[in-house]
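So that the names make sense, note that chain A is the first sequence line, chain B the second, and so on, each numbered from 1.
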Protein chains: 2
Amino acid sequence: MATQPPTADTNEDTEIEQRNADLCNVVGSIEEIGSKWKLIIINDLRDGEKRFNELKRSTGASSYTLSRVLDDLEKQGFVENRKEFESPVASYYSLTNKGGALCPVFDALDDWGGNWLE
Amino acid sequence: MATQPPTADTNEDTEIEQRNADLCNVVGSIEEIGSKWKLIIINDLRDGEKRFNELKRSTGASSYTLSRVLDDLEKQGFVENRKEFESPVASYYSLTNKGGALCPVFDALDDWGGNWLE
DNA sequence: CGGCATCCTTGGAGATACTG
DNA sequence: CAGTATCTCCAAGGATGCCG
């Protein structure tokens, strides 16, 4: 992709706008979930429903952080919470469709890691 | 960070290790590039070579941040730097193979954004 | 143009302790 | 078990200035 010289820039603007339209999705996505804990937690929930302390153990997040991030993810619509009020309270977290739709992203990450990590 | 549990551990560890084996690639990847600016900058370089101030404009990062993150990315092997010392110095940044191999991740993000953003 | 050096503010996040 | 409440600390990152 050679940078076009400033001559005959008729198409350049639209090209750039086109590109921005392209990249906006990525940047927007990054703004939404581009933080370490969000990514790790969402990824961890790909296995299916998990409870609070289970997540705490598997992600290594403190309960404070976990609580906050889960709350955030729930508000953003990535995660669902289901509570059972019997005996010792149990609350289960799982991905919504929106959250589950991120699987290809993690698959790609997994793939990349397999080739380039270590 | 290896927190030693005071009480003798159960066979829970093997379970966790098993899980880590599965998720390690993803988590490892996230640990390496799971920060907003790194992702945004790498994504921005997918178009090809860009110079410092070009990146500064297109990413919106301050020169301080941009400089730091680029430096980091270079050390991590995601980004390459090419300098031209003539006239006003020019330095161009581009993705290495390792960095370019992340394209599928961004494609997946782009795809996701297209469906779930806005 | 590229990019450090500084100062300063914010919040991300660990540790710990406490409740329903 | 599933959180909430503090307290605290440190790194991320904006603003600004300077310099080759």
Are any non-hydrogen side-chain atoms of A/Gln76 and A/Lys38 less than 4.5 angstrom apart? yes
Atom-to-atom span, CZ of A/Phe52 to P of C/dG20 - whole angstrom: 17 Å
Rounded distance in Å - NZ (B/Lys50) to C1' (C/dG2): 17 Å
Run the numbers on B/Leu73 and B/Leu45 for side chain to side chain contact (heavy atoms under 4.5 Å, CB included), then give the verdict. CA-CA 12 Å; B/Leu73 287 175; B/Leu45 285 174; 5.9 Å; no
From the 5' end of DNA chain D to its 3' end, which nucleotides mark the outer limits of contact with chain B, defined by a 4.0 Å heavy-atom distance cut-off (strictly under)? D/dG13 to D/dA15
Could you work out, with side chain to side chain donor-acceptor pair (under 3.5 Å) as the rule, every residue matching A/Tyr92, not counting sequence neighbours? A/Arg51
Validation row: A/Glu74, A/Glu80 side chains within 4.5 angstrom (heavy atoms): no
Within 45° of the ring axis of B/Tyr93 and under 6.0 Å from its six-membered ring centre, is that where the NZ or CZ of B/Lys50 lies? no
Pairwise distance CD1(B/Ile41) to CG(B/Leu55) - rounded to 0.5 angstrom: 6.5 Å
Under 3.5 Å: donor-acceptor pair, side chain of B/Ser94, backbone of B/Gly48: no
Bend angle of the helix from C/dC1-D/dG20 to C/dG20-D/dC1, end axes from five pairs each (to 10°): 50°
Side chains of B/Arg46 and B/Cys103, heavy atoms from C-beta outward: is any pair under 4.5 Å? yes
Base, sugar-phosphate, or nothing: which does A/Lys56 touch, judged by heavy atoms less than 4.0 Å apart? nothing
Answer yes if the side chains of B/Ser58 and B/Asp44 hold a donor-acceptor pair under 3.5 Å, and no otherwise. yes
Could you tell me whether the side chain of A/Trp37 reaches within less than 4.5 Å of the side chain of A/Leu70, counting heavy atoms only? no
Rounded off to whole Å, could you give me the CD-to-C1' distance for the B/Glu86 and C/dG2 pair? 16 Å
How long is the line joining CG of B/Asn81 and C1' of C/dC1, in whole Å? 13 Å
Please list, chain by chain and in numerical order, all residues satisfying side chain to side chain contact (heavy atoms under 4.5 Å, CB included) with B/Ser67, sequence neighbours excluded. B/Phe52
Please report the distance, rounded to the nearest Å, between CG in B/Leu73 and C1' in C/dG3. 16 Å
Where do B/Arg82 and B/Glu84 land on the side chain to side chain contact (heavy atoms under 4.5 Å, CB included) test, with the steps shown first? CA-CA 7 Å; B/Arg82 179 175 71 82; B/Glu84 287 176 1; 3.0 Å; yes
Would you mind reading off the distance between A/Trp37 atom CH2 and C/dA13 atom C1', rounded to a whole angstrom? 9 Å
Measure the distance from CD on B/Glu84 to P on C/dG3 and round it to the nearest whole Å. 13 Å
State whether the side chain of B/Ser29 and the backbone N or O of A/Leu109 hold a donor-acceptor pair below 3.5 Å, judged by distance alone. yes
Strand-adjacent residues in residues 89-96 of chain B, judged by heavy atoms under 4.0 Å from DNA chain C: B/Val89, B/Ser91, B/Tyr93
Which residues in residues 62-71 of chain B have at least one heavy atom lying under 4.0 Å from any atom of DNA chain D? B/Ser62, B/Tyr64, B/Thr65
